[in-house]
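In what follows, a structure is listed as structure tokens, so that the remarks can point back to it.
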Amino acid sequence: MERYQDSKLYRIRHSTAHVMAQAVLEKFPQAKIAIGPPIEDGFYYDFDLPRPLTDEDLAGIEARMRDIIREGHDFVRKEVSADEARALFHDQPYKLELIDGLERGGVDEYGEKTDEAPVISTYTQDSFEDLCRGPHVANTREINPDALSITFKAPAGAYWRGDENREMLTRIYGTAWETAEQLEEYLALLEEARKRDHRVIGQQLGLFTFSQLVGKGLPLWKPNGAILRDLLERFLREVQIERGYEPVITPHIARVALYEKSGHYPYYKDSQYSPFEVEGDLFMLKPMNCPHHIHVYKDDLHSYRDLPMRMAEFGTVYRYEKSGELHGLTRVRGFTQDDAHIFCTPEQLEDEFVGVIDLVESILNGLGLNDRRARVGIRDPQSDKYVGSDEVWEQAAQAIIAAATRKGLDFTVEEGEAAFYGPKLDFIVRDALKREWQISTIQVDYNLPARFELEYVGEDNERHQPIMIHRALYGSMERFVAVLIEHYAGAFPAWLAPVQVALIPVADRHIAYAQDVANILHSKGLRVQVDDSNGRVGGKIRAATQQKIPWMLVVGDRDAASSTVSVRLRSGEDLGAQPVLAFADLATRLVESKSLELA
RNA sequence: GCCUACGUAGCUCAGUUGGCAGAGCACGCCCUUGGUAAGGGCGAGGUCAUGGGUUCAAAUCCCAUCGUAGGCUCCA
């Protein structure tokens, strides 16, 4: 398959970014230009502008872009020396900084190190010349003026070179396609994503809320949301017990000394809450569960016969997130991890790791999250933010790759994606709209066992150090529920639906019968709601459909007379009249099997 | 945290150049008892996010704070 960077679409977007820069410079001749690359689905260009942009500005810029495109200008490439480039861009400070980087060699326009020879080139179309390595289309006519849009995102702030200590620029995003139909499709996908937004659906379905007085980033789970979350927790608890995990429970605060010993303290400084003093000693909210679990392990002297020991806890942790980073349930300041730590011998490591992969696959498959990829995260060789020796890191990475290979996983290996104490295997799921979410993570750790001097007595009657596997399947309950909401657009599988059955009496005189049916279904373990409001069938159907309730049972004279219910699915499908017990059997069977089907 | 925009009833939103605070949905009561996506009427509900300021007069203009959205940076 052709790489995006080699595609015509990439060149179109890159060229459109230049056209946009020309239009912006025509409107604001004093503007300073930074960089403007193609990105997934579009492009952007960063500017230092004399004033904030308005919607009218954007509309004017977009209109001017169409004119420039229609005028049919060639893109002309020119190679220049560093000094010639400096002369060309003498009044463009960001370009001068880029030229310095190129001349020294080794730094590209994003500030990343590069091995390429520093050839400096410019591209010119019409009146606009930009420092750029290309590639571009030959002529602006290759851009379809009906397939671009710069108004789909508000103008945005962005730091120069992504560095929060540098200048804040104005970034204008745009999207460009080869045809108007592709643009339409893309905009429709954005619209669909907007409708599935878990924050919107969460409110509509009464799943969770936030309170200004409680504090930002601190979700309040309402009854419907708590049911959903509790079901997910119970599901995993049961499966974990089958697989030999043991539940543990640990507190939400601990002495700072614990995290100093674990080594987390310096690494997590920016994401921890300030310590507080209790009787002269410093404590803090726990940002992770592992040190606590380690002390559960350390309370006993373990034989190799005890291992592997698998400790699991839905552990709530607190991490400081800058206010601008908070987002619904996906970025919060207090969240619950479905955390577990496996303590094992070196011989057991690979089997244990494979066992966790099995567990991940069965849980995610069971929830309909079948589309996913795996990523082995190893150290960034440039960085010094990791603890432990090279041998130990190599050993851990090899164990992960061996286990992933044995499971036949399709995985990539990516530098810089490791935890600070060890390499990891992450599972990234794609939801119904093909968006990626990092969910499950499995990490191999030789470092914490060493720091805490963990031991077990081997067959040889000598003390040995166990290895730890850290793992979370859902990741955090908050983020996972958000992903499920967006994946299912709120229409959860029946076993997870907060209300599974809506009983809809045709008239008031059928409420008693509806209540009888509800009692029968409730006694079978189904979550049932009787709509006894003063409305007509149509209105009640509408209300239940909007709440994404899987089964609607309309009951009137005919049903009361024959002990039946008329079954309608939230999809609109009508299953007709069925005996109450037949429906109860159907529903309980689908719920118990965690089926994704409603019939 | 930084850039930009926005905060009006439980929800979604109107509110003109500064001049009596509005609608729909939801909620309560009444009428209606209706068989598969909105039956009708009446009613209650707001310190216009909060605190200052300008003005005869502020939802409207200015400042600060809090919150939200998009983006940057960072992440489960």
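Small disclaimer: the values here were computed from a predicted structure and weren't measured. So you know, we letter chains A, B, ... as the sequences are listed, proteins then strands, and number each from 1. Values below: all heavy atoms of this structure, side chains included; hydrogens, waters and symmetry mates excluded.
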For [N] versus [M], give the span between their [atom1] atoms, rounded off to a whole number of Å.
{"N": "rG41(B)", "M": "rU47(B)", "atom1": "P", "value": "28 Å"}
{"N": "rA58(B)", "M": "rU16(B)", "atom1": "C1'", "value": "16 Å"}
{"N": "rG67(B)", "M": "rA49(B)", "atom1": "C1'", "value": "7 Å"}
{"N": "rU73(B)", "M": "rU12(B)", "atom1": "C1'", "value": "33 Å"}
{"N": "rG24(B)", "M": "rG43(B)", "atom1": "P", "value": "12 Å"}
{"N": "rA9(B)", "M": "rG15(B)", "atom1": "P", "value": "15 Å"}
{"N": "rG71(B)", "M": "rC13(B)", "atom1": "C1'", "value": "26 Å"}
{"N": "rU60(B)", "M": "rC48(B)", "atom1": "P", "value": "9 Å"}

Nearest-Å distance for atom pair [atom1]/[atom2], residues [X] and [N]:
{"X": "E325(A)", "N": "rU68(B)", "atom1": "CD", "atom2": "C1'", "result": "16 Å"}
{"X": "L213(A)", "N": "rA49(B)", "atom1": "CG", "atom2": "P", "result": "17 Å"}
{"X": "N165(A)", "N": "rC2(B)", "atom1": "CG", "atom2": "P", "result": "13 Å"}
{"X": "D46(A)", "N": "rG70(B)", "atom1": "CG", "atom2": "C1'", "result": "15 Å"}
{"X": "R333(A)", "N": "rC74(B)", "atom1": "CZ", "atom2": "P", "result": "18 Å"}
{"X": "E164(A)", "N": "rC75(B)", "atom1": "CD", "atom2": "P", "result": "11 Å"}
{"X": "K195(A)", "N": "rU12(B)", "atom1": "NZ", "atom2": "P", "result": "17 Å"}
{"X": "H470(A)", "N": "rA76(B)", "atom1": "NE2", "atom2": "C1'", "result": "14 Å"}

Sugar-phosphate atoms are those with a prime plus P, OP1 and OP2; base atoms are the rest. Using that split, label each nucleotide of nucleotides 31-38 of chain B B, S or - for protein heavy atoms under 4.0 Å, 5' to 3'.
-> BBBBBBBB
Strictly by Watson-Crick or wobble contacts shorter than 3.5 Å, is anything paired with [N], and which nucleotide is it?
{"N": "rC74(B)", "value": "none"}
{"N": "rG67(B)", "value": "rC6(B)"}
{"N": "rG43(B)", "value": "rC27(B)"}
{"N": "rC48(B)", "value": "none"}
{"N": "rA59(B)", "value": "none"}
{"N": "rA37(B)", "value": "none"}
{"N": "rA14(B)", "value": "none"}

When you match G162(A) and K424(A) each to their closest nucleotide on RNA chain B, which lands nearer the 5' end?
-> G162(A)
Nearest-nucleotide comparison on RNA chain B, the residue closer to the 5′ end among E321(A) and F210(A) |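 Its nucleotide being nearer the 5' end, the pick is F210(A).
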Would you classify V317(A) as touching base, sugar-phosphate or nothing, given that sugar-phosphate means primed atoms plus P, OP1 and OP2, and contacts are heavy atoms under 4.0 Å?
->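 Since no nucleic acid heavy atom lies under 4.0 Å of V317(A), the category is nothing.
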Using a 4.0 Å heavy-atom cut-off across all strands, classify E478(A) as base, sugar-phosphate, or nothing.
-> nothing
With the side chain counted from C-beta on, respond yes when K322(A) and E164(A) share a heavy-atom pair under 4.5 Å apart, and no when they do not.
->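 Contact flag for K322(A)/E164(A) side chains = yes.
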D338(A), L484(A), I363(A) screened by side chain to side chain contact (heavy atoms under 4.5 Å, CB included) with L232(A), the one that passes |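 The passing option is L484(A).
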Could you point out which residue of L473(A), L367(A), T336(A), I485(A) forms a side chain to side chain contact (heavy atoms under 4.5 Å, CB included) with F480(A)?
-> L367(A)
Quiz item: R166(A) side-chain donor-acceptor pair to rC2(B) base, under 3.5 Å |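 Flag unset: no donor-acceptor pair detected.
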Determine whether any donor atom in the side chain of R331(A) lies under 3.5 Å from an acceptor atom in the base of rC74(B), or the reverse, and answer yes or no.
->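 Side chain to base: pair found, below 3.5 Å.
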For the pair L49(A) and V24(A), evaluate side-chain contact (heavy atoms from CB on, under 4.5 Å) and give the outcome as yes or no after the intermediate values.
-> CA-CA 9 Å; L49(A) 295 173; V24(A) 169; 3.9 Å; yes
Ring centers of Y45(A), F43(A) separated by less than 6.0 Å = no
Over 60° means perpendicular and under 30° means parallel, so classify the ring planes of H252(A) and Y318(A), tilted if in between.
-> tilted
For the pair H341(A) and H293(A), name the ring-plane relationship: parallel under 30°, tilted 30 to 60°, perpendicular over 60°.
->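 If you compare the ring of H341(A) with that of H293(A), the planes turn out perpendicular.
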E417(A): what forms a salt bridge (charged side-chain N to carboxylate O under 4.0 Å, His left out) with it, not counting sequence neighbours?
->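 For E417(A) the salt bridge (charged side-chain N to carboxylate O under 4.0 Å, His left out) partners, ignoring immediate neighbours, are R375(A).
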Check whether the side chains of Y513(A) and D559(A) place a donor and an acceptor atom closer than 3.5 Å, and report yes or no.
-> no
Do we see a donor-acceptor contact under 3.5 Å between the side chains of E486(A) and W437(A)?
-> no
Which nucleotide in the list rU73(B), rA76(B), rU4(B) gets nearest to the side chain of P52(A)?
-> rU4(B)
Do any side-chain nitrogens or oxygens of H327(A) fall under 4.0 Å of OP1 or OP2 in rG71(B)?
-> no
Residue-phosphate contact under 4.0 Å: K322(A) side-chain N/O, rC74(B) OP1/OP2 = no
Is the ring of Y173(A) stacked on the base of rG71(B), with centres less than 5.5 Å apart and planes under 30° off?
-> no
